[in-house]
Amino acid sequence: MDLAKFESMDPIMLMSIINLKLRDDFAGDLDELVKFFDIDKQALQTKLATAGFEFLPEVGQFR
């Protein structure tokens with residue numbers, strides 16, 4: 001999955017993909033995910049916030 005164009009993605013679909021990657025590949029570590037995909041963490045969080053999602057570090061997911 002190419003997340004380089006995440007800003008143009010539907011935020012609900014994006015949240016689903018991000019949470020899947022966090023769970024399966026990054027053990028809930030958002031910093032590692034954004035580093036691996038070379039994307040801006042704040043921009044990702046802002047995009048997901050437009051649909052009401054926020055990152056919960058204690059569970060390693062956006063909800």
Side-chain angles (χ1 to χ4, degrees):
M1 170 59 55
D2 180 16
L3 292 176
K5 298 179 182 178
F6 75 89
E7 292 172 324
S8 65
M9 295 176 73
D10 173 74
I12 294 172
M13 182 60 80
L14 177 61
M15 183 273 304
S16 179
I17 293 167
I18 293 293
N19 279 348
L20 175 78
K21 291 291 188 187
L22 282 167
R23 182 191 71 222
D24 292 352
D25 301 329
F26 296 96
D29 190 332
L30 182 59
D31 290 326
E32 286 299 314
L33 181 141
V34 297
K35 181 179 175 184
F36 180 84
F37 287 104
D38 193 28
I39 56 178
D40 182 83
K41 180 179 176 181
Q42 185 60 47
L44 176 64
Q45 290 179 300
T46 299
K47 172 72 176 185
L48 292 173
T50 65
F53 300 116
E54 67 177 290
F55 185 70
L56 303 175
E58 62 274 8
V59 293
Q61 290 185 336
F62 281 91
R63 292 191 181 164

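- Nearest approach of D40 to F6, heavy atoms of both residues: O-CZ, 4.2 Å.
- L33 and V59 fall into different hydrophobic clusters, where Ile, Leu, Val, Met, Phe, Trp and Tyr side chains are chained together by heavy-atom contacts under 4.5 Å.
- In this structure, CG on L22 lies 11.0 Å from CD on E32, to the nearest 0.5 angstrom.
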For this session: Applying side chain to side chain contact (heavy atoms under 4.5 Å, CB included), run through D31 and F26 and close with a yes or a no.
Result: CA-CA 9 Å; D31 290 326; F26 296 96; over 6 Å; no

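- By the neighbour-count criterion of 12 heavy atoms within 6.0 Å, atom CE of M13 is sparsely surrounded, having that number or fewer from other residues, nucleotides or ligands.
- To the nearest 0.5 Å, the span separating OG1 on T50 from CG on L14 amounts to 9.0 Å.
- Taking both residues in full, the closest heavy atoms of K47 and E7 are given as NZ-O, 2.9 Å, listed atom of the first, atom of the second, then distance.
- To the nearest 0.5 Å, the span separating CG on D38 from CG on L3 amounts to 11.5 Å.
- Without hydrogens or angle criteria, N19 side chain to Q61 main chain gives no donor-acceptor distance under 3.5 Å.
- Nearest heavy atom pair, residue L48 against residue P11, reads CD2-O, 3.4 Å.
- Note: the hydrophobic cluster containing L56 does not contain F53 (ILVMFWY, side chain heavy atoms under 4.5 Å, direct or indirect links).
- With rounding to the nearest 0.5 Å, the separation of CZ in F36 from NZ in K21 is 7.5 Å.
- Cluster annotation: V34 is connected to I17 through the hydrophobic network of ILVMFWY side chains, with a link wherever side-chain heavy atoms come within less than 4.5 Å.
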